[in-house]
Every structure is written in structure tokens, then in C-alpha cells.
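All values below were derived from every heavy atom in this structure, side-chain atoms included, with hydrogens, water molecules and symmetry-related copies excluded. Below, chain A is the first sequence line, B the second, and so on; all start at residue 1.
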Number of protein chains: 2
Amino acid sequence: MSSERQAAEEPGGPAPTPRGAAFLLTQLGTHAADRFAVRVAELGLTPPDIGLLRTIATRPGRSQRALAADLGVVPSRVVALIDRLDGKGLVERRRSTEDRRNHELYLSAEGGRVLGEVRGIAAAHEDDILSALDDGQRAELTELLGLVAAQQGLAPGIHPGYRNLPGGQGS
Amino acid sequence: MSSERQAAEEPGGPAPTPRGAAFLLTQLGTHAADRFAVRVAELGLTPPDIGLLRTIATRPGRSQRALAADLGVVPSRVVALIDRLDGKGLVERRRSTEDRRNHELYLSAEGGRVLGEVRGIAAAHEDDILSALDDGQRAELTELLGLVAAQQGLAPGIHPGYRNLPGGQGS
DNA sequence: TATTGTTATACTCTATAACTATA
DNA sequence: TATAGTTATAGAGTATAACAATA
């Protein structure tokens, strides 16, 4: 926040709150995540569920271990997440015939259908969040965010929220 | 995500992961929050701590109840957060002389000093996150994010992460 | 002996509800 | 009776470590 003003030197009013781009990013990122969570909750799903469905759809037949590595979470957490989706009939575990220790993960037909619904929800969500901007501004914003994400080393489509870090407020 | 492609119709490769602006926002927002958390951890503070320090600095002398309302959290949570900061000597609770039920909240001298350090950290954080962009692009991004934040009704400087919503992955 | 998936356990964060003191 | 702050408790989420089956 190179343009941030200091509190003690403002006699007229107290400390300004940060409005730098980094703060705006976390503020808007949390807001967008919250809104999306509300939307997919109507399907009985949580945002982590969605991430799993997407990842399995992208590369079907992989093991739970490999999925855990992709997402950057511990294997035991994948167990609990898959249990949920398996119980809902959205994901199937199939014992590998090559190595019977492995579970190959696949989306069920119903899982594929639900993921299609999620795509519709995501599109509506995008329109909602960006409703302040016209098409040109949306393209501009998307390009700038893409540049930042690439430079910061964020894997396309993998949400860093699967990682384990302290806190949660951010600036 | 109006430009999102469908998985089943891509024979060459499996489902693409979302790259719309809304997904980029949550991805980058979470990433920026994580990075900031790591930075302030060196001061022994968490991101929620920072938000409290900032809010108290902005409007000193207010009650815990009022602070809870500002941040959108339950009063009992403010108790725990202030306990932390009080124990570190950064915040002072003073019994109101007008209504002895109230605790007026103030930053200690040390608290003000630490908040100054946080401003430096926030500036370095901003430079880090935006290092992919030149000055013109940073201004452009900040303006676009400001438009979106205003339209979405986000209060300047108040982090929505203080709210209580399900999930955490977002799109 | 090493690896996959699982279970058992503990820890952190946060909300709800009951309680104390002041009004 | 109502309100400010506090304490006690419970629930969700997630990690670590021990375990069983398979290699």
C-alpha cells in the first residue's frame, strides 16, 4: 500500500482504512467465495466439494493419493471429502485391478449432471460479481488478474484455500 | 463464467478449470490473505488481530459491543480477540465512567507503534502481490476492483472474513 | 519394508447460550 | 427488566499419527 496515509498525522479524521489493491483483492476474494458458497449450498454442496468434482472430472481414474497431492491436502482429508460425495452418489470409488491398494475415482452420471449445474451457477455468479463493469472492463480485469495469478505461481483452477495456513483475515 | 467451456465436448483434453474473473478473484484473494498472514505472523499477530487494531485506531474509545457490530461478529468473539491484544499490551480496556458496564477500547503506545510496523508490512505485501504489473496497470486494477467492491456493497476497510458463512473454497 | 486408504485423535476457530455486573 | 461483558460449551474443519490391506 504505497499510497497509504498515516493515522497520527490526520487531525481532521482518524486512521484511514487500507484501500490498496492487495486489500481489495482479499476483501473481494472472500466476498466472492462467500457468495459462491451460498449459491452451491442450494445443491447441498460446499466449495471444497466443487473443487473435488472439478478435479476428478478433469482427470478421471486417478487415486486418492494423487488427488491429495494435486490439491495440496493430506490424504485423510480426501477420504472424508470423497465419503461425502460418494454418499451422495456423485463420485465412485473403484478398486484398481492393477494395484488393489488404489481407489480410482470417477464421476457418476449424476455427478456429471450436477457439475453441469455448477457451471451454470458459476456463470450466474460471475455476472453477479462483475455487474459493476461493462464487457471491456471485465476483459481488462480478467487479463490483469491473470497476469498477477501467473506471476504469483497459482496453478490454474486449483484453489489455494486447500492449503493449510494460519489466520484468515488478510490485508 | 460466460466463456467457460464444457468438459464433455473436449475430446482432445479433459475439462478445463475455470479461469473467469470471479474464480481468479477468490483464488488471488485467498493467496494474498495467506501471504499477508505469513508476514504479520512475524509480529506474533494474526490477520484478525490486525483488523481489530485498525478498527480501534480508527475510532478509539468505543465499546466492545460497538466494535462487534462494526465487524459483524458476535460479542463473545471480541472478548477473546481483545484478551489476546490486551495480554500483549497493544490494547487497553478502560471502564467507562459514564456507564460502568462499558469497556472503552484504546490502542496503547506500543499498539500504535506495532500498527505502524503493520503499515510497512502492508506496503511490502502490496508490492509483492502486484509485482507482475507496472504502475499504470496497478492503477487500472485498483480502480476496477474499487468499482466492483463499491457495487457489491463492501464497507471500506472491513474484511468480510469476519462474517460467518459456510465453506471456504469459492469459485 | 513401503505404500494406499482408513480410522482415531487432537487442535483451532467460531458461534450459542448461560451467567455476572451494572443500569 | 434490559444491556455490556464474560464464561462455558459445542460444532465444524482440518491436521497428525496409528493401523490394516496390499505390494
Side-chain angles (χ1 to χ4, degrees), chain A residues 30 33-34 37 41 44-52 56 61-87 91-106 159-170, chain B residues 30 33-34 37 41 44-52 56 61-87 91-106 159-170:
Chain A
T30 304
D34 289 347
L45 297 174
T46 68
D49 290 337
I50 308 298
L52 247 71
I56 294 172
R62 308 185 64 231
S63 72
Q64 298 185 191
R65 224 72 199 190
L67 184 58
D70 280 355
L71 299 176
V73 297
V74 84
S76 65
R77 191 177 167 200
V78 172
V79 173
L81 287 165
I82 296 292
D83 278 350
R84 259 182 65 82
L85 298 174
D86 193 358
V91 163
E92 292 173 14
R93 279 190 252 233
R94 301 184 201 155
R95 275 285 173 207
S96 168
T97 52
E98 294 181 350
D99 184 339
R100 292 184 41 76
R101 290 174 301 182
N102 279 261
H103 274 157
E104 296 171 353
L105 298 174
Y106 296 92
H159 200 290
Y162 284 105
R163 290 275 144 37
N164 60 329
L165 282 175
Q169 293 310 311
Chain B
T30 304
D34 289 347
L45 296 174
T46 68
D49 291 337
I50 307 299
L52 248 71
I56 294 172
R62 308 187 64 231
S63 72
Q64 295 185 192
R65 227 71 200 186
L67 184 59
D70 280 357
L71 298 176
V73 297
V74 85
S76 65
R77 191 178 167 197
V78 172
V79 173
L81 288 165
I82 298 292
D83 278 350
R84 260 182 66 83
L85 298 174
D86 191 358
V91 164
E92 293 173 13
R93 278 190 254 233
R94 300 185 201 154
R95 276 284 174 204
S96 168
T97 51
E98 295 180 349
D99 184 338
R100 292 183 43 74
R101 289 174 303 183
N102 279 261
H103 275 157
E104 296 171 352
L105 299 174
Y106 296 91
H159 200 289
Y162 282 107
R163 289 276 145 38
N164 60 329
L165 283 174
Q169 293 309 310

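- The separation between A/Ile82 atom CD1 and C/dG5 atom P is 10 Å, rounded to whole Å.
- When atom types are taken as modelled, the side chain of B/Arg95 and the backbone of B/Arg101 share a donor-acceptor pair closer than 3.5 angstrom.
- Between the CZ atom of B/Arg77 and the C1' atom of D/dG5 there is a distance of 17 Å, given to the nearest Å.
- Between the NE2 atom of B/His159 and the C1' atom of C/dT14 there is a distance of 16 Å, given to the nearest Å.
- Counting to the nearest Å, the C1' atom of C/dT4 and the CD atom of A/Glu98 are 15 Å from each other.
- What separates CD of B/Gln64 from P of D/dG5 is a distance of 5 Å, to the nearest Å.
- Rounding to the nearest 0.5 Å gives a distance of 12.0 Å between NE2 of A/His159 and CD1 of A/Ile50.
- One interatomic measurement links the two molecules: CG of B/Leu105 to C1' of D/dG5, which rounds to 11 Å at whole-angstrom precision.
- No hydrogens or angles were tested; on distance alone, a donor-acceptor pair under 3.5 Å links the side chain of B/Arg101 to the base of D/dT3.
- Phosphate contact (OP1/OP2 of D/dA20, side-chain N/O of A/Arg100, threshold under 4.0 Å): absent.
- Computed from coordinates, the B/Asp99 CG to D/dA4 P distance equals 8 Å when rounded to whole Å.
- Each of A/Ser76 and B/Ala80 has a nearest nucleotide on DNA chain D; the 5'-most of these lies closest to B/Ala80.
- Rounding to the nearest 0.5 angstrom, the gap separating the CG atom in B/Leu105 from the CG atom in B/Leu67 is 6.0 Å.
- Under 3.5 Å, the side chain of A/Arg65 and the base of C/dG5 form at least one donor-acceptor pair of N or O atoms.
- Protein atom CG of A/Asn102 is 12 Å distant from nucleotide atom P of D/dT22, rounded to whole Å.
- Under the side chain to side chain donor-acceptor pair (under 3.5 Å) rule, B/Gln64 has a single partner from B/Arg77, B/Arg93, B/Glu104, which is B/Arg93.
- Residue A/Arg95 is out of contact with every strand shown, counting any heavy-atom pair closer than 4.0 Å.
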